[in-house]
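Please read the structure below before turning to the comments.
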Amino acid sequence: MSRFFAGGSDSDSDSSSDSEPVIRQQVAQFTFSDEEEDIKRVVRSKKEKRYEDLTNIIKSIRNHKKIKDMSSVLTSFEEFMRAYTKALPVVMKEENGVTPRIVVRALAELEDFVNESWDDKDSRKNLSKNNNKALGTLRQKFRKYIKDFESDMKRFRAAPEDFAEEEEEDEREDEKGSDDEQEKVVVEPQMPKAVSFKKEPEKVKPVKPADDSDSSDWGSDSDSDSTSSDEDAKYTSIRDRFLKKPEKGTDEISAAPAGAMGDDAFKKEKKKKTAEALSKKKKPKPDEMFDENEEEEEGWKVVNGTRSGASEQPKMFAKDAEIDTKLVVNKLNEVMAARGKKRTDRKMQIEFLRELRTISETNNLGPAVVAKIRFNIVSAIFDYNPKVSGAMKLEHWSKLLEEIQELLKLLLVHEDVHLSESILDEYEEYDTAPFKIRGCMLTAVERLDDEFVKLLKECDPHSNEYVDRLKDEVPVTGIIDQVVTYVERLNNEMEICRIYLRKIDHLYYKFDPNVLKKRKGQLPANTVTSVEEMDKLCRYIYAKDQTDRLRTRAILSHIFHHALHDNWFQARDLVLMSHLQETIHHSDPATQILYNRMMANLGLCAFRHGNIKDAHLCLVDLMMTGKPKELLAQGLVPQRQHERSLEQEKIEKQRQMPFHMHINLELLECVYLVSAMLLEIPYMAAHEFDARRRMISKTFYQQLRSSERQSLVGPPESMREHVVAAAKAMRHGDWNACANFIVNKKMNVKVWDLFYEANRVREMMIKFIKEESLRTYLFTYSNVFASISVPHLADMFKLPKSKVHSLISKMIINEELMASLDDPTETIVMHRSEPSRLQALSMQLADKVTNLVDANERIFEMKQGNFFQRGGNQGYNRDRQNYRNQNQNQNWNNNRRQDNRNRGNRGNQNRGEGREQREHHRDRDHHREQREHREHQREFREQREQMRNVDYQNKAE
C-alpha cells in the first residue's frame, strides 16, 4: 500500500498491518478555519501604527539606558526622531497639535540621562571610545532637537506627577481591558472554538489500546478519569484551575476562586496574604530554630552554609588521647594536607589551626611546635583570599598582623628556634634544642608588605578609610624592624639585602626635617637622621648584593632621598657614577617607575638650588611625552589611538603607587615650565633671525605659540596661563610684570607653598627673573643703542651694579653681545648694531644659496664620470675638458683651442707611456681645478663680509 493512503479505511489498515507498519497521519490539535483567519486579520488605523512604533522605540531607549549602551541609545534616538516626524500629521489631526504624554516623558527622561552621564566625568572615563563618541553626538543632537519641545518640557518639569498618573491610568485601563477579554474567552461558551485556541479537556477522548497487554502494564484509566472529572467539576474556567492553591487554615473567602468574588475584594485579599507571607519570612530567633516542640515532621533539617558534605574536616583528638609533640605535628600535617584543595573550607581550616595552637600551648609542647603552628596560621590567612590581585578583608588583615607579631616575638625570645626554608621536612626538630623548622619569615613579611599596599590601593584616597589604613604602616614598619633583627642574627647576606630593601621602600620617600636642622647646627652632631640610616642600608646592599635589581633599586631610592633633603651634589654624583640612564630601559616596569620618580624629584631639587638648566634636563624627558601621570604610576590616562584590554588595564592598576607616595604633578609641570621660560625666552631673543634656531623646550614653545594664535587673551587663570603671560612680559624686558605673574597669591597656594622653605624659593625665582629679563632686554634692544649706562640698567632691573657688570661681562666673553665695557664712565659701548630684519633675511638667503651651490658641485663631482662618458677615451676627455672650461666662464673658441692643444700634447707624448701615467696626469689636472674653485669661493665670501661690515659701520655712524 502506498504511504500516501496511510489514513484510509480500517480494512486497508488491517490487511496491511501484517506486511508493513502503518504510518498514521497525526491529527492536528488545533484546526484553523476560514472564520479564524478572518478574525486574525486586524485592520489598524494610522494613529495606532504610529503610536505603536513610538512606544516600541521608547522601550528600547529605556532598555539601552539601563546598561549605558550609548551607541544603541543614539541609534534608537535617531529612529525616534524619524518615527515622530512620520507621526506628526497624526498628532496634528488627532491631538490638535498637543505632544503625546509618553513622548514628553521619554524626552525628559532622556534629557536627565544625557546630562547625568555628561556631568559624571569619572564614569565617562570608563566608557569605551565608541560610547564616548556616541555620547557627545547624542548630546549635540538632543540639545538641537529639544528646542521644539521647550513648552512641553516646562509643563512636565512643573508637574511630573500628572504625567505619571495619566500613564498609570492608561496602563490600568489596558490591563483591565485585556483581563475582560480573557474572561470573555474563557467563560462564554457560545464563542467559536477557533477563537480561543485552547483544547478543552472534557471533549478529548482517550485512544483505545491496541492490545490487552498494554492495559495490564499501564493499569486502568478509570481512577484517573474519575479524579479528573471530579476536579473539572470544581472549576468554572481553566484560569481558576491553575491558580495557586490556598494553604490550610486560611479563610474560606481566600479559598474561593477569583471569579467568584469581585476584583476589589480579590486584590485586598491578595495584599493581605502577601503581608502575612512576608511576616512569616522573618529570621527566627536562635532558641526557636532548635526548639524541639516545633513541627519537623516534613523532613526539613537545619544546616549550616558551608559545603561540608563533599569533604569531611579532620577531627580533633579523642578524649583519652595523650597529647604529645608527634600527635600534634601529625594532626597539623593532616590539616595542612587539605590546603589548596578545591572544596576545602578555609575558614574552618584556620579555626582548626588556632585550636591546635591552644592545645599545644596548654600542654607545653615547646616553642618550636607553637612557632610551626603560628607560621601555618599565617600561611592559611594568606590563602583565604583566592584572588592574588585583590586585597584581603580587614578582619583577616588585623588577625594577620597579630599572628606575625606574636610569631616574631617568639622567634626573638627563643634564639634556639631556627626558621629557614633550607631545612627539609625530614630534618625538622621539635624536641631538643636547637629547634629546626621549615619556613621563611622573610617571604611572609614581604607578602605582608604587598598586602598592605593592596589595601591602600583599594581605599578611596580622599576618605577617612585611607587614613585609618595608613595608620597600619606603623605596625608594618615595626614588623620589618623585628625581621631585620632576626635576619641579622642568622647572618645570611642575601636575606639581609632583601629585608634592607623592604625597609628602604618605607623610608626613601619620607621627608625628615631633622636633616636640615642638623645641617644648620640646631641638633647635636650625634643625632641619627634618615639620611644616615639610608646611607648605611644602601652601602650594605652595594657591597653584598649579587643581583642587579636590588642594587639598582637601592641606588634609585638613595638618590631620591638625597634629592628630597636638598643634597644636590651627592644625588647628582650618584646619578652620574651609576650610569643608570644608559641601562634603565632593560629593567622591569617597577624599577623604571622608580627611576622616573627619582628624576622628577632630582629636577625639583635642582630647581630649589637654582640650577635651572639641570632642573630642565631632569624633567624634560618626563614632560615631553605628555603623560607624566602614567610614567610616575599615579593614574591611568585614556589612550586615543587604541583602548587597553581588560588584562592590560588590570596589570597597570597593580603597578600604581599609593596616594601618599604621589608627587604633585601641577608642581612638577610648573617647575618645568618656569625653567623652560628662563632658558627659552633669552635664547629666542638672541637668535630671533637665525634660521638654524632650535627649540629648547617643545612643550613650552607650543604653549607660547597657542597663546599667540588666540585673538583675544583674557587674564590668566590656570597655572599654564600664568607662566605664558610671564613669558610674554619677559620678552619685552618687563621683569616686574613677569614676577607678578609667577609669584602671586593664587600661584603660592597652588605651587610655591608646597616647597619646604617656600620664601627662599620665591626669592630665588625673582632674582633669576630679573637677570634673565636683563639679558633679554639687551638682546632685543641692543641695535637701538650706541651705548648704555650700567647704573641705569641696575636701577631699571633692581639689581646691584656688580651683578649687572658680571652679567654683561659674561655675555661679552661668550660673544653673545658685541660690545665693550667702559669702566671710567660705567657704560656699555656697542661695537656694531644688530642687522635689521631685511638684512638678516638677506644673509639667511645668501647662506642657503651658498650651501645649495656647494651641494650641487659635490653631486657633479661624484657623478661626472657617468654623465659625460660617451665611448672612447678621446670623447671622454674632450667632454670633460669642455665641462671644466665652461665652469671657468671661457668662450667656445678658447675651449676649442685648448682642446686642440691638449690633443697635440697627447700626440707628442712618448707612445711607450703607460696607462697609469696618463691617469696620474688626469688626476693632477682635476685636483688643480678643484683648488682653483675653492680659492674663488673664498674670495667671494671675503668680499661679502667686507661689504656687510661697511654697511654696519655706515648704519652705526
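- Legend: residues meeting salt bridge (charged side-chain N to carboxylate O under 4.0 Å, His left out) with Asp548, ordered by chain and number and at least two apart, are Arg551.
- Using a 4.5 Å cut-off on side-chain heavy atoms (C-beta onward), Leu704 and Ile681 make contact.
- At distances below 3.5 Å, at least one donor-acceptor pair connects side-chain atoms of Arg124 with backbone N or O atoms of Trp118.
- Closest non-hydrogen pair, Lys750 versus Glu666, comes out as CD-OE2, 3.6 Å.
- Residue Lys728 qualifies as enclosed at atom NZ: its count of foreign heavy atoms under 6.0 Å is above 12.
- Contact detail for Ala685 and Thr780: the closest heavy-atom pair is CB-OG1, 3.7 Å.
- Here the closest heavy-atom approach between residue Ala571 and residue His562 is recorded as CB-CB, 3.9 Å.
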Anything under 3.5 Å between a donor and an acceptor, one on a side chain of residues 734-742, the other on a protein residue two or more places apart or in another chain? List them.
from	atom 1	to	atom 2	distance (Å)
Asp734	OD1	Ala737	N	3.4
Trp735	NE1	Met796	O	3.0
Asn740	ND2	Asn736	O	3.1

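- Judged as a side chain to side chain contact (heavy atoms under 4.5 Å, CB included), and not counting sequence neighbours, the contacts of Ser806 are Lys810.
- With hydrogens and angles disregarded, no donor-acceptor distance shorter than 3.5 Å links the side chain of Thr591 to the backbone of Ser587.
- Within the 4.5 Å cutoff, the side chain of Leu394 has heavy atoms near those of the Leu455 side chain.
- In terms of the salt bridge (charged side-chain N to carboxylate O under 4.0 Å, His left out) criterion, Lys121 has no residue partners (sequence neighbours excluded).
- Below 30°, between 30° and 60°, or above 60°: for Trp752 and Phe607 the angle between ring planes is below 30°, a parallel geometry.
- Under the 3.5 Å distance criterion, the side-chain polar atoms of Asp512 are matched with a main-chain donor or acceptor of Ser530.
- Pairs of residues two or more places apart, or lying in two chains, that qualify as ring pair (Phe, Tyr, Trp, His ring centres under 6.0 Å) and include a residue from residues 507-543 are Tyr500-Tyr540, Tyr508-Phe560, Tyr509-His660, Phe511-His565, Phe511-Tyr756.
- The closest donor-acceptor contact from the side chain of Ser463 to the backbone of Asp460 lies under 3.5 Å.
- Other residues, nucleotides and ligands place no more than 12 heavy atoms under 6.0 Å from the CD atom of Gln546.
- Under the salt bridge (charged side-chain N to carboxylate O under 4.0 Å, His left out) criterion, Asp621 pairs with no residue, sequence neighbours left out.
- Heavy atoms from other residues, nucleotides or ligands lying under 6.0 Å from CZ of Arg720 number 12 at most.
- Residues passing the side chain to side chain donor-acceptor pair (under 3.5 Å) test with Thr547 are Asp545, sequence neighbours excluded.
- Remark: the Asp535 side chain and the His561 side chain contain no N/O donor-acceptor pair separated by less than 3.5 Å.
- In Leu576, the CG atom is crowded: over 12 heavy atoms of neighbouring residues, nucleotides or ligands sit closer than 6.0 Å.
- The side chain to side chain donor-acceptor pair (under 3.5 Å) analysis of residues 598-610, with sequence neighbours excluded, yields the pairs Asp566-Arg608.
- Close placement of the Tyr683 and His687 rings is indicated, their centers lying within 6.0 Å of each other.
- Taking Glu721 as the reference, nothing meets the salt bridge (charged side-chain N to carboxylate O under 4.0 Å, His left out) condition, with sequence neighbours excluded.
- For CG of Asp119, the number of neighbouring non-hydrogen atoms (other residues, nucleotides, ligands) closer than 6.0 Å is greater than 12.
- Environment of NZ in Lys510: crowded, with over 12 heavy atoms of neighbouring residues, nucleotides or ligands closer than 6.0 Å.
- Counted by atom type alone, Arg519 and Asn567 present one or more donor-acceptor pairs between their side chains at under 3.5 Å.
- Between Ile541 and Cys497, the shortest heavy-atom contact is CD1-O, 3.9 Å.
- Of the possible donor and acceptor atoms, one in the side chain of Gln656 sits under 3.5 Å from a partner among the backbone N and O of Glu652.
- Under 4.0 Å is where a charged nitrogen must lie from a carboxylate oxygen, and between Lys518 and Glu532 at least one such pair does.
- Under the side chain to side chain contact (heavy atoms under 4.5 Å, CB included) criterion, Pro715 pairs with no residue, sequence neighbours left out.
- For Gln405, the side chain to side chain contact (heavy atoms under 4.5 Å, CB included) test picks out Pro475, Ile479, with sequence neighbours left out.
- No donor-acceptor pair closer than 3.5 Å links the side chain of Lys457 to the backbone N or O of Pro658.
- Ion pairing of Glu772 with Arg775 is present here, as a side-chain N (NZ or NE/NH1/NH2) and a carboxylate O approach within less than 4.0 Å.
- Ion pairing between Glu708 and Arg705 holds under the 4.0 Å rule for side-chain N and carboxylate O.
- Across Val483 and Ile499, no two heavy atoms sit closer than the pair CG1-CD1, 3.7 Å.
- Between Met70 and Ser117 the shortest side-chain heavy-atom distance falls below 4.5 Å.
- Ser773 and Met730 get closest at one heavy-atom pair: OG-CG, 3.8 Å.
- A salt bridge links Glu757 with Lys520: the distance from a Lys NZ or Arg NE/NH1/NH2 to an Asp or Glu carboxylate oxygen falls below 4.0 Å.
- Partners of Ala676 by side chain to side chain contact (heavy atoms under 4.5 Å, CB included), not counting sequence neighbours, listed by chain and number: His616, Ser697, Phe700.
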